[in-house]
Enquirer: 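Provided herewith is a single structure, encoded as structure tokens, for subsequent inquiry.
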Amino acid sequence: MYPPPAPPPAPHRDFISVTLSLGESYDNSKSRRRRSCWRKWKQLSRLQRNVILFVVGFLILCGFLYSLQTADQWKALSGRPAEVEKMKLEVLPVLPAPQKESAEQEGFADILSQKRQRHFRRGPPHLQIRPPNTVSKDGMQDDAKEREAALGKAQQEENTQRTVISWRGAVIEPEQATELPYKRAEASIKPLVLASKIWKEPEFKQARKWVSENLDFQKNVDVNLFESTIRILGGLLSTYHLSGDSLFLTKAEDFGKRLMPAFTTPSKIPYSDVNIGTGFAHSPQWTSDSTVAEVTSIQLEFRELSRLTGIKKFQEAVEEVTKHIHSLSGKKDGLVPMFINTNSGLFTHPGVFTLGARADSYYEYLLKQWIQGGKKETQLLEDYVKAIEGIKAHLLRQSQPRKLTFVGELAHGRFSAKMDHLVCFLPGTLALGVHHGLPADHMDLARALMETCYQMNQQMETGLSPEIAHFNMYPRADHKDVEVKPADRHNLLRPETVESLFYLYRVTRDRKYQDWGWEILQSFNKYTRVPSGGYSSINNVQNSHKPEPRDKMESFFVGETLKYLYLLFSDDLELLSLDSCVFNTEAHPLPIWAPA
Ligand code: DMJ
């Protein structure tokens with residue numbers, strides 16, 4: 001006998017069926033359902049029926065009143081579909097859409113006030129300068145309560161930011177200065193400060209004491225002319241202006257004089273290095289060339305030193321360089337090569353053009369000197385405008401798939417889709433030029449490049465830009481716009497992206513630039529912050545699990561990156577106003593000279 005066959009296995013199912021038993025068979029007939037409802041209603045007591053009728057009536061009344069109110073609001077916005085859309089977006093738990101200046105003019109103060117409220121998320125609340133509170137009918141200040149609530153929410157962020165925006169804490173607080181990164185930062189010039197109120201604070205007094213008692217330049221040490229000019233000389237001059245304390249000017253003059261031997265070359269193009277103790281100046285061992293960006297980005301500081309001290313040789317020395325380069329051949333539509341020889345005064349390694357390392361701040365200082373001098377030195381302006389046209393003609397391309405506009409490099413006619421993070425100073429400089437009256441199409445380029453620089457951060461796993469990005473110019477599956485070579489994936493805490501965000505925000509008031517800066521700040525906090533204090537450069541922006549801190553914090557993180565973030569998040573547009581000061585390439589504000 002064979003056993004009965006086993007039942008077939010249950011078929012595989014991708015769903016679960018659930019049967020709800022109603023205890024009786026379900027009759028689908030409409031009339032029967034109606035009849036049964038009526039029977040149930042009749043079975044209720046009079047009291048039960050009255051309660052139900054009252055509740056239903058109350059709900060209908062509420063619904064009616066609510067619809068009247070909503071209709072009023074929407075009527076007020078009718079005919080302006082864009083604003084309606086904006087209003088809808090406000091209820092979503094996301095950062096707000098960019099704010100257009102025109103909204104205020106059109107009387108949408110309510111929409112703007114909601115956005116201002118949300119602005120607590122963009123920066124430390126104690127930096128926010130708000131419009132005066134309006135007073136409502138009941139005599140209460142309109143946003144006082146809301147602000148209190150938002151402050152509560154923002155408290156955690158603020159606590160973080162108090163430490164983050166802490167160039168003072170990082171450099172001055174001695175008990176925190178035990179980590180190596182701090183020590184290294186401290187080895188360079190002492191802190192720079194932002195607003196006059198700082199001068200009353202103990203940190204400033206402590207820093208001043210250090211400058212007064214310890215900052216002695218009589219040292220047998222070689223310094224790089226450019227780096228020490230933009231950091232030390234620029235820092236001292238700026239501090240003098242912010243404090244009015246002559247100690248800093250005395251130190252600046254002493255230091256400036258010690259740098260002057262660098263200009264004693266056959267061509268008057270300065271050497272890269274000078275010993276501030278012995279006065280011996282020289283080129284690097286392997287070449288008699290200097291870097292073009294270096295010899296053309298010391299002018300703001302030396303010119304200002306002359307103006308303050310009355311000693312003309314500082315200004316004359318640097319302006320000789322400017323004049324020389326203005327009339328030098330070897331440029332390409334305003335673009336300069338990267339090297340210049342201190343003996344011959346000629347460009348060397350001609351035919352290679354970049355807006356990155358070794359050329360970058362040449363362009364920046366053309367514009368900024370023009371602004372510093374009261375917009376009278378037209379030759380500087382002409383060179384700047386010509387260079388921007390040169391960039392457009394030779395170095396701009398668009399990436400794939402997102403069509404990001406980027407600035408590449410040109411070597412003997414061959415284009416390379418390589419862009420240093422350093423180039424991200426350019427959107428800010430372009431915006432500054434527009435603020436001072438340069439053509440509006442410079443602003444279009446500024447906006448496009450700003451987006452690109454943001455993407456250079458955003459497309460990385462850590463949210464931080466690599467030192468050098470390569471752009472993908474052809475549509476290829478699974479390729480992003482920004483690609484990184486293994487040797488270029490470090491991040492040195494550089495300022496250029498946030499520097500430009502600061503300018504773009506100041507010039508456009510578009511809050512998306514604050515949002516982008518906020519994101520970058522969060523990434524700095526997440527991936528570069530040293531738990532015991534300070535920040536560190538990292539080796540790999542593409543590995544969020546192992547960014548590999550390098551145990552090194554450049555002084556520009558304190559002097560520039562944090563300062564620009566501070567200014568970006570502040571809504572006080574008069575704080576170091578673009579109309580009264582010009583930032584040197586190390587973010588030290590110097591005054592714009594009053595018109596003669
Ligand atoms: C700064 O020292 C200056 O901004 C300089 O012009 C080049 N870049 C560094 C910081 O990245």
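Indexing begins at 1, ligand by ligand and atom by atom, following the structure's order.
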Enquirer: Ion pair present between K368 and E364, side-chain N to carboxylate O less than 4.0 angstrom?
Expert: yes
Enquirer: Please test F248 against Y240 for ring-ring contact (aromatic ring centres under 6.0 Å, His included), starting from the C-alpha separation and ending with a verdict.
Expert: CA-CA 5 Å; F248 298 98; Y240 168 68; 8.2 Å; no
Enquirer: Quick one about E496 and H421 (side-chain donor to acceptor, distance below 3.5 Å, no hydrogens or angles considered), yes or no?
Expert: yes
Enquirer: Salt-bridged, E316 to K313, with N to O below 4.0 Å?
Expert: no
Enquirer: Taking only heavy atoms of the protein into account, state which residues are under 4.0 angstrom from an atom of ligand 1, in chain and number order.
Expert: F226, I230, R231, L422, R494, P495, E496, F556, E560, T585, E586
Enquirer: Passes side-chain hydrogen bond (donor to acceptor under 3.5 Å, both in side chains), D289 versus T348? Steps please.
Expert: CA-CA 8 Å; D289 289 351; T348 60; 2.9 Å; yes
Enquirer: Within 45 degrees of the ring normal and closer than 6.0 Å to the centroid, is that where the cationic atom of R397 sits relative to F415?
Expert: yes
